[in-house]
Each structure stands twice: as C-alpha cells, then as structure tokens.
Q: 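The structure that follows is given in the form of structure tokens.
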Amino acid sequence: MSTPPLPFSRRRALACLLALACAQQAHAQEWNWTYLTGPDWEIGLTDAGYSDYLLDRTPTFGGREYLSGEWGAALGYQVGGAAKSPTWLEPVFSFPDWPTNSDFGVVQPMTPGANNSDGLPTASSILANADLRVTQRIELVDTRTGTPMGLSPASAGSGAALMSNRYVMLQTYTIENISGQTVSDLRLFQLLHGLNSVSGVYDNRAYAGALSDYRYDVTLQGSDPYSGGGQYDYIGMHARVAPSAFEIGYFGVAGIDDHVSAKPGTGVHLSIENDSLSNLDSFAPPEQFWVAGGARWDLGTLNPGESRGMDVALTILTGWQVTPDDSGEASGSVNGGSDYPGGVDYTIWGLDDPGLLFVEYEAEDWDSLQELIAVGEIGP
C-alpha cells in the first residue's frame, strides 16, 4: 500500500526543517530521522527521541497528523556544586522551528533494532554531554485492547477514561553518570503538544486495562479542522511513576505566536526550561488552540558510573463527532463509509446531545483472533 500524500502543513514543516538543517551544518550530519511504522500509525523520531511527526495510516485518513507539535525530553541536575538548568535532548524543535539549549551530542544514532515479540519495530540511540550518557530504547507494542487514557483532572471528584488505539509507543530512558563526580537532583522532563489539541488534563487515577500501571496521564484532545470527516483526536503521555510536577497549558498563543518558524513566547516548554511547572491539571483556553502538557520526575542522585531508568508511553485515539438534528437523528460515515473495509455508515435516533462515535477495524490472522478471544475483546 502506498503512503498517503502529506498534507500542506506537513510539507511546509519538512521544508522548514530542511532549510534549518542546512543553516546549521554542524548538526546536519548528526541528527537524522528514523520511522517506526505499525499497522495503524507511524512516528518519526530523531536521534534525541524527539518527534513532531505522528501520521495516521488507517484506511481513508489520507495522512492526518497527530503531532506536528512536540514530543521531547529535557534533563536538569546538579554536578560539582553547580546547577544545570533543564536542557533539551533535541537541538532543534520543528514546526515551529527553533534551536534549543541542548548540549547533547550523538554517540549512537537512532538505529532500528529487531522486531519485538509483537512483531513490531524497535529502535535505540545514545546521546551524551559532559556529565550524562542517555540511552533510549523505543518500541511499538500491541495492547490488543488499547490502554486507558485518563480524561478527568486529578482534582476532580470522579474519573473517566477512554481506551486508546491498540498500538502504543513505549520509550525508555536510561541515564548514566559519566562526569566522574556525584550528580544530584536529577530531573527528567517530558513535553507533549498535539497539532489540533485545544484542551487537556492531567489524570492520576488507576483504570482497568492493558498497561494499566501507566496510570499517570497527560491527555490532550481536539477536533481536526482539516479532516473533512469530523474527526476528534486524543493524544496521551503516560508514566508508571507519579511526576513530582506537571502542567497543562499553552504552547504559544494563536494570534501572537508564530507556529511555523519561531519559539513560542508562552507555554509549558518555558515552564520546563525554568523548572516551574504549575501543577495545573486542566486547561481549555478561549482561543481553542495550541495546548500542551508536561511533567517532571525526580530521579535522585547518581554516583559516578551509576544509571537510572524511566519509562513513558505515547498513545492516540480518534473518534467521530456526532451532532443530532432537531429531530434527534444523526447520520454520517466513518473510516470512509461502507464502501471501504472497516468503514461504517451510521444513523442514530433519539439523541439529545452531541457526542463521539468510536469505530475500530483490524484485519486479523488466526493467531491474533485467538489472542483477542483470550483477553475477552471478542467472543469465540
């Protein structure tokens, strides 16, 4: 199957990235993009484990993006009595394009590895600065049923969750002290910004489901205005360890910041750089645009030669907006409609309010069917 054509915004972003790479020749030979492709979606990652490219590959979607924003990490610490401010692993963020404060270099580029037990791709890379060596391992995994994406602010009285797309990306950071001195107050930060995200929450509840130990969630959501089919997207960041700080907030402000070629002047990325995450667990700005989430994990002290690891997960989910008419009836098509495998034409009666419809389709072989039966996703 051929890859769908890239949307204009994606072509524009790639053009900007290529131009910036040419202007910064010192990094051009070091930082490359590696693509991990699963049955439903693919992601492009730099040597730093950074991404602004997560492309939907399900039938009829035509190459829609979930990111074109930011998935990236930073590290802060103290060494030799001096404080090191949070420093991004990635040297150049993309769309909007801006150089970061990174001082990390490539020891091993992002390199595809053998497929995992799910038959899905893996990759790894190694970065280092004068003090730390960062090894990353990334893999796509098949949860069969999806994993919970928390939808309620941690401060709310009760919780709710949706199950993600069945394919999830796991990213493991292993951080080693190579400074020859004690590294203290080590902190890992992770940033997530979805292209069409207009609101988000931080949810720390335990929900039942696959990978349920990844219970500390940042979930962003918003409607894709370019889809033509009323898609409503969720993108989530998950961890097994409770963050010491978090924030749901801006990634720039529409009408003020340039989302193409300049660093946004307001947002969660600045809270990470300043180590000032606000613990705001819900955010839905009136501009209805450019929302991000971030979290910090305190990893303690590393003696010379000592290492510590941390895992995060990245998930997506798409629903279709259903809006009833005056008679309470709604109709439409999803996944291209009934002319396509996995497509559905629907009519729903008796509706009082708008809602979302979720449709999932996978072509399974016999062994996969048996696994789905075993976990109770379908009956015999």
Side-chain angles (χ1 to χ4, degrees), residues 50-52 54 66-74 76 86 88 93 96 147-162 164 171 187-207 214-224 232-257 259 263-298 310 312-317 319 356:
Y50 163 88
S51 181
D52 86 321
L54 196 165
Y66 285 83
L67 275 174
S68 199
E70 319 302 334
W71 171 260
W88 298 104
F93 277 23
T147 190
M149 304 177 77
L151 298 178
S152 300
S155 59
S158 59
L162 288 170
S164 74
Q171 187 161 354
R187 290 149 288 147
L188 172 69
F189 302 81
Q190 188 78 35
L191 173 71
L192 173 63
H193 161 53
L195 174 61
N196 297 308
S197 300
V198 299
S199 64
V201 301
Y202 166 73
D203 191 342
N204 59 1
R205 298 170 181 82
Y207 299 103
Y214 285 82
R215 58 174 286 187
Y216 301 98
D217 303 345
V218 167
T219 305
L220 309 179
Q221 55 185 290
S223 177
D224 180 353
Y232 194 89
D233 297 328
Y234 297 84
I235 187 166
M237 173 175 77
H238 313 257
R240 295 186 290 181
V241 177
S244 55
F246 52 85
E247 181 177 326
I248 310 296
Y250 284 111
F251 187 71
V253 178
I256 298 176
D257 292 291
H259 209 272
K263 182 178 182 178
T266 301
V268 177
H269 60 300
L270 299 181
S271 296
I272 287 176
E273 292 181 356
N274 298 324
D275 198 0
S276 60
L277 293 170
S278 66
N279 292 328
L280 183 65
D281 64 3
S282 179
F283 186 63
E287 296 89 351
Q288 292 287 292
F289 222 70
W290 299 349
V291 171
R296 181 191 73 205
W297 293 272
D298 295 343
M310 177 68 196
V312 292
L314 178 66
T315 61
I316 61 171
L317 176 66
L356 292 175

Q: If we count only N and O atoms by modelled type, under 3.5 Å, do the side chains of T315 and H238 hold a donor and an acceptor together?
A: yes
Q: For the side-chain contact (heavy atoms from CB on, under 4.5 Å) test, which of L67, I248, V268, V312 pairs with L192?
A: L67
Q: Can you list everything that forms a salt bridge (charged side-chain N to carboxylate O under 4.0 Å, His left out) with D298? Sequence neighbours excluded, please.
A: R296
Q: For a side-chain contact (heavy atoms from CB on, under 4.5 Å) with H269, tell me which candidate from K263, E70, H193 qualifies.
A: K263
Q: Going by side chain to side chain donor-acceptor pair (under 3.5 Å), name the residues that satisfy it together with S51, two or more places apart in sequence or in a different chain.
A: none
Q: Can you sort out the partners of N279 under side chain to side chain donor-acceptor pair (under 3.5 Å), two or more places apart, ordered by chain and number?
A: none
Q: Got a donor-acceptor contact below 3.5 angstrom from the W297 side chain to the M310 backbone?
A: no
Q: Quick one: do M237 and Y216 satisfy side chain to side chain contact (heavy atoms under 4.5 Å, CB included)? Show the steps, please.
A: CA-CA 8 Å; M237 173 175 77; Y216 301 98; over 6 Å; no
Q: Check step by step if ring-ring contact (aromatic ring centres under 6.0 Å, His included) holds for W88 and F93.
A: CA-CA 10 Å; W88 298 104; F93 277 23; 5.0 Å; yes
Q: Considering all heavy atoms of both residues, which atom of I235 and which atom of G194 are nearest to each other, and what is their separation?
A: CG2-CA, 4.2 Å
Q: Do P285 and W290 have side-chain heavy atoms sitting under 4.5 Å apart?
A: no
Q: Partners of F246 by ring-ring contact (aromatic ring centres under 6.0 Å, His included), sequence neighbours excluded?
A: Y202
Q: Show me the pairs that pass salt bridge (charged side-chain N to carboxylate O under 4.0 Å, His left out) and involve residues 190-203, at least two apart or across chains.
A: D203-R205
Q: Got a sec, which pairs hit salt bridge (charged side-chain N to carboxylate O under 4.0 Å, His left out) with one end in residues 280-293, sequence neighbours left out?
A: none
